[in-house]
Amino acid sequence: MNERPNRVPEWCQGEEWCPVTVTAALLSRKWKPVIVDRLLKSGPCGFSELQNLIGNISGKALSNNLKELEADRIVNRSVISERPYRVEYALTDRGRDLEPLIVAMREWGSKHFDPDSKENG
């Protein structure tokens, strides 16, 4: 499926739309690639489980990012039960297609950044 998104920032001069811009805009918020990474590794998760897997993310930030990822058809939200109320978040096919990009980001970060070094920049 090669569809153009509804909202495309105009970052690439002279192009009607730019696939790099679309992808960068989709994953531009700090937590979005992390959310996708955790869902790739763990599969479908409830909100609290996902928050625990990520760590150091507020409930509001997670909720806002999940809503945006759902609007972009990267994540699917399913109501599992009404009592007690429980939802589950899972990657859509479109979201799972981000796996090579997320893996490349993980590998690049591992190769170029040492968590114990003060020279990471």
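The chain is numbered in sequence order, starting from 1.
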Determine, stepwise, if the pair Trp31 / Ile54 fulfils side chain to side chain contact (heavy atoms under 4.5 Å, CB included). CA-CA 9 Å; Trp31 293 112; Ile54 295 170; 3.4 Å; yes
Listed once per pair and sorted, the salt bridge (Lys or Arg N to Asp or Glu O under 4.0 Å) pairs that draw on residues 28-40, sequence neighbours left out: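 Every pair satisfying salt bridge (Lys or Arg N to Asp or Glu O under 4.0 Å) with a residue in residues 28-40: Arg29-Glu68, Lys32-Glu68, Asp37-Lys41, Asp37-Arg106.
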Distance in Å, [X] [atom1] paired with [Y] [atom2], rounded so as to fall on 0.5 Å steps:
{"X": "Ile74", "Y": "Leu39", "atom1": "CD1", "atom2": "CG", "value": "11.0 Å"}
{"X": "Ser48", "Y": "Leu53", "atom1": "OG", "atom2": "CG", "value": "11.0 Å"}
{"X": "Cys45", "Y": "Gln51", "atom1": "SG", "atom2": "CD", "value": "12.0 Å"}
{"X": "Thr92", "Y": "Asn76", "atom1": "OG1", "atom2": "CG", "value": "7.5 Å"}
{"X": "Leu27", "Y": "Leu101", "atom1": "CG", "atom2": "CG", "value": "6.0 Å"}
{"X": "Arg94", "Y": "Arg73", "atom1": "CZ", "atom2": "CZ", "value": "4.0 Å"}

Minimum heavy-atom separation for Ile102 to Pro33, with atom names?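 Heavy atoms of Ile102 and Pro33 come nearest at CD1-O, 3.9 Å.
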Considering non-hydrogen atoms only, spot the tightest contact between Gly46 and Arg86 and give its length.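 What the structure gives for the nearest pair is CA-NH1, 3.6 Å.
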Are [X] and [Y] joined in one hydrophobic group, where the rule is that I, L, V, M, F, W and Y side chains link up if heavy atoms are under 4.5 Å apart?
{"X": "Leu69", "Y": "Val79", "value": "yes"}
{"X": "Val103", "Y": "Val20", "value": "no"}
{"X": "Ile57", "Y": "Val34", "value": "yes"}

If the condition is salt bridge (charged side-chain N to carboxylate O under 4.0 Å, His left out), which residues does Lys67 pass it with, not counting sequence neighbours? none
Is there a side chain to side chain contact (heavy atoms under 4.5 Å, CB included) between Tyr89 and Ser78? Walk through the geometry before answering. CA-CA 6 Å; Tyr89 296 92; Ser78 301; over 6 Å; no
Checking Ser28 side chain against Ala25 main chain: does a donor-acceptor pair fall under 3.5 Å? yes
